[in-house]
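Chain A is the first sequence line, chain B the second, and so forth, proteins listed ahead of strands; every chain is numbered from 1. Just so we're clear, the structure is a prediction, and the values are computed from it rather than from any experiment.
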Amino acid sequence: MTRYESLEDSLGHTPLIGLPKLSPKTPAGAPRVRLWAKLEDRNPTGSIKDRTAIAMIDDAEKSGKLKPAATILEPTSGNTGISLAMIAKVRGYKLVCVMPENTSVERRQLLEMWGAKIIYSPAAGGSNEAVRMAKEISAQNPEWVFLYQYGNPANTLAHYQTTGPEIWEDLPEITHFVAGLGTTGTLMGAGKFLREKNPEIAVIAAEPRYGEVVYGLRNLDAGFVPELYDASILTRRFSVGAEDSVKRVKELLEVEGIFAGISTGAILHAAIGVAGECVAAGIGAEIVFIVCDAGWKYLSTGIYSNDGDADVLEGQLWA
Amino acid sequence: MSNPTVEVRIPTILRPYTKNEKLVSADGASLSEVITSLNTNYPGLGERLLENGELRRFINIYINDEDVRFMGSLSATLKAGDSITILPAVAGGCM
């Protein structure tokens with residue numbers, strides 16, 4: 001279906017694209033190992049977070065927590081804020097985002113374009129600080145509606161009800177599902193759905209590994225694990241640094257023509273690693289990975305230019 | 001046969017234990033043995049990683065970029081030249 005009543009209605013049903021050139025070659029007679037990219041940049045504001053944002057707002061409206069003209073508060077490194085800002089604009093809410101100051105300029109511009117107010121949290125501590133500050137601000141402004149994507153079951157449910165079923169419908173032969181780990185909503189929701197359909201499906205997390213400033217906690221007890229996280233849904237979990245992520249983003253662009261955001265590079269790196277293991281073991285595989293967003297919001301970092309390298313991302317929250 | 005030697009990356013918050021060294025060596029055929037080796041060379045470091053004999057909730061350890069909690073945790077096996085990264089758990093991901 002390509003006709004929709006409104007922009008919001010066009011959410012989801014994103015294409016699943018084969019990667020014929022980037023999928024590894026297998027020896028003659030050996031089973032195929034294929035990579036599939038789910039293009040989440042084809043959502044209304046250009047990222048997978050539209051699913052989370054619409055689900056959390058719908059849920060808050062339904063429960064009566066979100067009343068007309070209310071103010072929504074959310075910690076975000078960009079995409080969730082951008083999704084919420086668009087929906088808030090269309091539905092008549094105000095939005096306050098708490099965002100680390102070390103994020104790309106395009107994310108700020110997009111948030112402001114849709115009318116969000118941004119409160120910056122310090123670079124040191126990365127999103128940890130944004131979450132901590134948002135919790136404090138929420139306590140000081142009890143009339144604001146704190147959606148809190150890290151602990152809001154509507155986030156997981158969105159992926160259980162949409163992302164997972166879409167993949168299953170398009171590729172019931174799926175053997176591996178690879179996605180980014182942040183709030184954990186995508187992996188928990190879609191992963192749970194897919195495992196219920198076929199318990200053999202491997203659910204693999206790729207988390208971005210940033211420069212040291214982002215891990216600059218005051219003490220270890222200030223660490224953070226999202227309330228939504230359930231390790232039993234995952235099969236494996238990889239940490240991927242900026243260098244590998246940038247290398248894969250460029251490879252995806254060069255080889256398959258797909259212009260993805262930097263976090264997708266981390267996810268693709270894990271997917272290609274797993275694909276290589278399957279080839280070595282002579283096992284066939286249909287590996288689906290998530291393209292979280294396109295590269296537009298990261299052009300100012302310079303990493304897409306020919307000589308752009310990962311060093312420029314040091315100290316930045318690039319995912 | 002002697003235990004394999006691996007390299008271990010230490011996060012900023014734990015560097016007071018390693019005289020500010022970012023990268024240290026340790027010996028052990030399993031993660032548990034490596035942590036014992038670290039604690040011998042850098043007293044107190046092991047206790048910051050473990051609680052009641054398990055990895056602390058806010059500590060993540062990766063062997064060659066893979067999370068050890070999905071590789072047998074403390075009994076994860078190691079070979080010479082493996083790279084271990086210790087990181088505090090933070091809200092750092094795609095959000």
With rounding to the nearest 0.5 Å, note down the distance linking [atom1] in [X] to [atom2] in [Y].
{"X": "B:N60", "Y": "A:Y215", "atom1": "CG", "atom2": "OH", "result": "9.0 Å"}
{"X": "A:N219", "Y": "B:R48", "atom1": "CG", "atom2": "CZ", "result": "7.5 Å"}
{"X": "B:T85", "Y": "A:R209", "atom1": "OG1", "atom2": "CZ", "result": "4.5 Å"}

request  = Could you tell me which residues satisfy side-chain contact (heavy atoms from CB on, under 4.5 Å) with A:E227, sequence neighbours excluded, listed by chain and number?
outcome  =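 side-chain contact (heavy atoms from CB on, under 4.5 Å) check on A:E227 returns A:K135, A:Y148, A:Y150, A:F224.
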Do the charged groups of B:R15 and A:E212 touch, with an N to O distance under 4.0 Å?
yes
Exercise for the section: Please determine if B:E66 and A:R237 form a salt bridge, counting it only when a charged side-chain N lies under 4.0 Å from a carboxylate O. Expected result: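 Judged by the 4.0 Å cut-off on N to carboxylate O distance, B:E66 and A:R237 do not form a salt bridge.
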Please give me the minimum heavy-atom distance between B:F58 and A:V225, naming the atom from each residue.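 Shortest heavy-atom separation between B:F58 and A:V225 comes out as CE2-N, 3.8 Å.
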Fill in: Shortest non-hydrogen contact from A:L220 toward B:L14
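Smallest interatomic distance, heavy atoms only, reads CD1-CD2, 4.1 Å.
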Answer with side chain, backbone, both or neither: which region of [X] has an atom nearer than 4.5 Å to a non-hydrogen atom of chain B?
{"X": "A:A270", "answer": "neither"}
{"X": "A:T235", "answer": "backbone"}
{"X": "A:I48", "answer": "neither"}

Next on the checklist: Using modelled atom types and a 3.5 Å cut-off, is there a donor and acceptor pairing between side-chain atoms of B:D67 and backbone atoms of A:F238?
Outcome noted: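 The answer is no, because no donor-acceptor pair under 3.5 Å joins these two groups.
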Pick one of side chain, backbone, both or neither for [X], based on which atoms fall under 4.5 Å of a heavy atom in chain A.
{"X": "B:R69", "value": "neither"}
{"X": "B:P11", "value": "neither"}
{"X": "B:N64", "value": "neither"}

Practice task
Return the option, out of A:L234, A:V240, A:T52, with the maximum number of heavy-atom pairs under 4.5 Å with chain B.
Solution key: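 Winner by heavy-atom pair count: A:L234.
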- Query: Is it true that atom CD of B:E54 has more than 12 heavy atoms of other residues, nucleotides or ligands lying nearer than 6.0 Å?
  - Reply: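 Atom CD in B:E54 is not crowded, with 12 or fewer foreign heavy atoms closer than 6.0 Å.
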Item checked: Within 6.0 angstrom of A:E243 CD, more than 12 heavy atoms from elsewhere ->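 No, not enclosed.
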